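Scope of the values below: all heavy atoms of this structure, side chains included, with no hydrogens, waters or symmetry mates. All values derive from a computational prediction rather than experimental measurement.
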Amino acid sequence: MTSAVGEPLVRKLALFGRALRKAGAEVGPERLQDAVRALEVVDLRLRDDVYFALRCTLIGHEKDLDAFDVAFRSFWERSRPAGAEDAPPSIPAPTEAEEGGDAGGDLPARERERSVIVAADDDAGDDAGEQAPGGMAFSATERLRELDFAEYTPSELRVARGLMDRVARAAPMRPSRRLETAHDGRKLDKRRTMRSAMRTEGYPLDRRWRRRRLVPRKLVVLIDVSGSMEPYARAMTMFLQAAVRDGGKVEAFTFGTRLTRVTRELRGHDPDRALRSAARAVPDWAGGTRIGDNLKVLNDRWGPRGFTRGAVIVVVSDGWERGGADRLAVEMARLHRAAYAIVWVNPLAGDADYKPLARGMSAALPHVDHFLPGHNLKSLDGLAAVLEALPGQGRR
């Protein structure tokens with residue numbers, strides 16, 4: 001089954017059909033041939049054209065639409081077959097200077113973008129979900145993990161979105177009052193112990209235990225979308241959408257000159273639609289920064305509703321404060337008393353020579369339990385590790 005669209009892409013399309021069949025969709029050879037013919041007449045640089053061309057030709061039942069959406073995001077948007085120049089619809093695209101700069105002394109932006117595109121075609125001959133060790137796809141992924149978010153091209157942002165999904169599933173946990181069966185523990189399960197003793201003539205030789213069950217803890221994420229944070233806010237908003245997507249106990253806020261709750265806008269399994277909704281809800285993107293005033297709104301308005309009590313608060317900001325540092329210190333102290341832990345993610349902390357000398361950052365640090373960098377995908381792995389370790393690690 002060869003075509004004008006290119007043999008590597010045809011092979012990759014066959015792997016995509018296999019992924020759809022594993023997801024439960026009915027995809028046969030005839031549908032794959034129709035999909036190849038459809039791709040010949042659409043612009044492969046446009047994500048929506050490719051999406052609807054494949055959906056119309058590969059899906060014949062409404063019940064398979066959800067499986068197709070999940071498979072399309074995980075298979076194509078992780079490593080796209082063609083280089084789309086457009087940025088995610090709801091995130092401001094980088095300037096021409098950003099796209100033309102060097103990637104931390106590595107490859108120019110256009111060369112990096114081509115390597116990501118070639119990586120998508122290069123792994124088409126491999127089995128689904130596998131990539132050759134040391135191959136181009138592997139090196140492109142590693143480059144994205146080390147590359148600063150401020151130097152991402154639009155295509156790299158789209159590829160990074162698929163990589164963020166794995167990290168965004170990390171969530172802080174807390175012990176609940178309910179108990180569950182355990183191999184060992186501090187509380188003896190008397191009922192099950194006595195039942196097992198019936199097999200040993202009443203002697204409780206096999207003791208059974210129970211322990212407190214771990215359940216998700218509330219997680220509140222605040223992202224600074226001011227002008228100084230704009231290159232990093234694009235990537236962090238995508239990460240936040242991946243965390244909020246499945247619902248759960250995650251609350252999302254953005255702040256610049258005002259605090260905006262975007263939890264409802266970011267929910268849903270269509271990331272493009274969610275990010276567009278969030279962009280319409282945020283009126284102060286790339287504006288000024290008043291961290292103290294926004295934290296006061298969080299404490300006064302959302303604190304009494306139970307949003308912050310016992311929650312893990314993640315603040316993503318560079319700490320540049322245009323308001324008063326004293327106000328920021330007071331509101332951070334209030335927030336710290338209500339929350340279980342405060343994690344501050346600062347993209348500038350990725351620099352080895354960084355020192356928190358800004359007034360806002362200096363005022364906030366005494367009330368921060370964990371201070372982390374947030375400039376690339378690798379640093380987000382560190383954030384996920386801290387969130388997962390919080391039940392055993394506790395505060396400070």
Side-chain angles (χ1 to χ4, degrees), residues 165-200 202-222 239-253 259 261-264 266-269 295 297-316 331-345 367-372 380-396:
D165 288 345
R166 311 167 192 170
V167 184
R169 296 190 184 98
M173 308 293 286
R174 66 173 179 86
S176 70
R177 295 182 180 180
R178 294 182 178 272
L179 301 178
E180 64 180 0
T181 302
H183 294 293
D184 55 4
R186 296 183 178 181
K187 186 174 181 61
L188 181 67
D189 190 340
K190 299 178 182 178
R191 185 174 182 178
R192 296 180 69 241
T193 299
M194 294 307 297
R195 279 188 176 181
S196 64
M198 297 173 64
R199 305 172 186 172
T200 56
Y203 293 96
L205 301 180
D206 182 16
R207 290 180 293 177
R208 304 298 178 91
W209 303 93
R210 304 178 75 186
R211 65 184 176 190
R212 298 178 70 178
R213 180 185 303 172
L214 289 178
V215 297
R217 184 182 291 276
K218 289 182 292 186
L219 177 64
V220 180
V221 184
L222 299 94
F239 172 77
L240 183 56
Q241 192 277 328
V244 174
R245 178 179 59 194
D246 296 324
K249 294 189 175 183
V250 182
E251 290 292 341
F253 293 87
L259 185 72
R261 185 189 179 201
V262 291
T263 308
R264 181 182 302 174
L266 290 178
R267 280 181 181 160
H269 291 278
L295 290 183
V297 175
L298 179 69
N299 289 326
D300 292 345
R301 181 178 178 183
W302 302 103
R305 303 185 186 184
F307 276 56
T308 59
R309 182 166 300 279
V312 174
I313 311 294
V314 178
V315 182
V316 182
E331 297 304 327
M332 281 293 295
R334 288 181 60 192
L335 187 61
H336 192 262
R337 287 193 296 269
Y340 174 76
I342 295 181
V343 181
W344 194 292
V345 179
H367 311 286
V368 173
D369 299 303
H370 301 276
F371 184 68
L372 305 172
L380 293 184
D381 289 336
L383 172 61
V386 167
L387 294 179
E388 291 177 338
L390 277 175
Q393 193 175 26
R395 298 180 67 143
R396 301 220 176 264

Does Trp209 form a side chain to side chain contact (heavy atoms under 4.5 Å, CB included) with Arg192? I'd like the steps, not just the answer.
CA-CA 8 Å; Trp209 303 93; Arg192 296 180 69 241; over 6 Å; no
Side chain to side chain contact (heavy atoms under 4.5 Å, CB included) evaluation trace for Leu179 with Arg212
CA-CA 4 Å; Leu179 301 178; Arg212 298 178 70 178; 3.7 Å; yes
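The minimum heavy-atom distance linking Asp369 with Tyr340 is given by the pair OD2-O, 4.3 Å. When every heavy atom of His367 is checked against every heavy atom of Ala333, the shortest pair comes out as CE1-CB, 3.7 Å. The nearest pair of heavy atoms linking Leu383 to Phe239 is CD2-CE2, 4.0 Å. Across all non-hydrogen atoms, the minimal contact from Pro216 to Arg174 is O-NE, 4.1 Å. Considering every non-hydrogen atom in both Gly382 and Leu372, the closest pair reads O-CD1, 4.3 Å. The minimum heavy-atom distance linking Leu188 with Arg207 is given by the pair CD1-CB, 4.0 Å.
A salt bridge does not link Lys218 with Glu251: every distance from a Lys NZ or Arg NE/NH1/NH2 to an Asp or Glu carboxylate oxygen is 4.0 Å or more. A salt bridge links Asp300 with Arg334; the closest basic N to acidic carboxylate O contact falls under 4.0 Å. Between Arg208 and Asp206 there is a salt bridge, since at least one side-chain N of the basic residue sits less than 4.0 Å from a carboxylate O of the acidic one.
Only one option out of Val221, Val343, Leu222 pairs with Ile313 in a side chain to side chain contact (heavy atoms under 4.5 Å, CB included); it is Leu222.
With rounding to the nearest 0.5 Å, the separation of CZ in Arg305 from CZ in Arg301 is 5.5 Å.
Considering only heavy atoms from C-beta on, Leu295 comes within 4.5 Å of Met332 through its side chain. Proximity of Arg191 to Thr193: side-chain heavy atoms (C-beta onward) are nowhere separated by under 4.5 Å. Counting heavy atoms from C-beta outward, Pro172 and Glu388 have side chains that stay 4.5 Å or more apart. Counting heavy atoms from C-beta on, the side chains of Arg178 and Arg210 never come closer than 4.5 Å. Within the 4.5 Å cutoff, side-chain heavy atoms of Phe253 are placed close to those of Leu298. Residues Val312 and Val220 have side chains not in contact (no heavy-atom distance under 4.5 Å, counting atoms from C-beta outward). A 4.5 Å side-chain heavy-atom check between Trp344 and Val315 finds at least one atom pair inside the cut-off. Within the 4.5 Å cutoff, no side-chain heavy atoms of Lys187 are placed close to those of Arg211.
Side-chain atoms of Glu180 do not come within 3.5 Å of backbone N or O of Arg213 as any donor-acceptor pair. Within the 3.5 Å criterion, the main-chain N or O of Ala311 finds no donor-acceptor partner in the side chain of Arg217. Formation of a donor-acceptor pair under 3.5 Å by the Thr263 side chain with backbone atoms of Ala252 is found in this model. In this structure, the side chain of Tyr203 does not engage the main chain of Met198 through any donor-acceptor pair within 3.5 Å.
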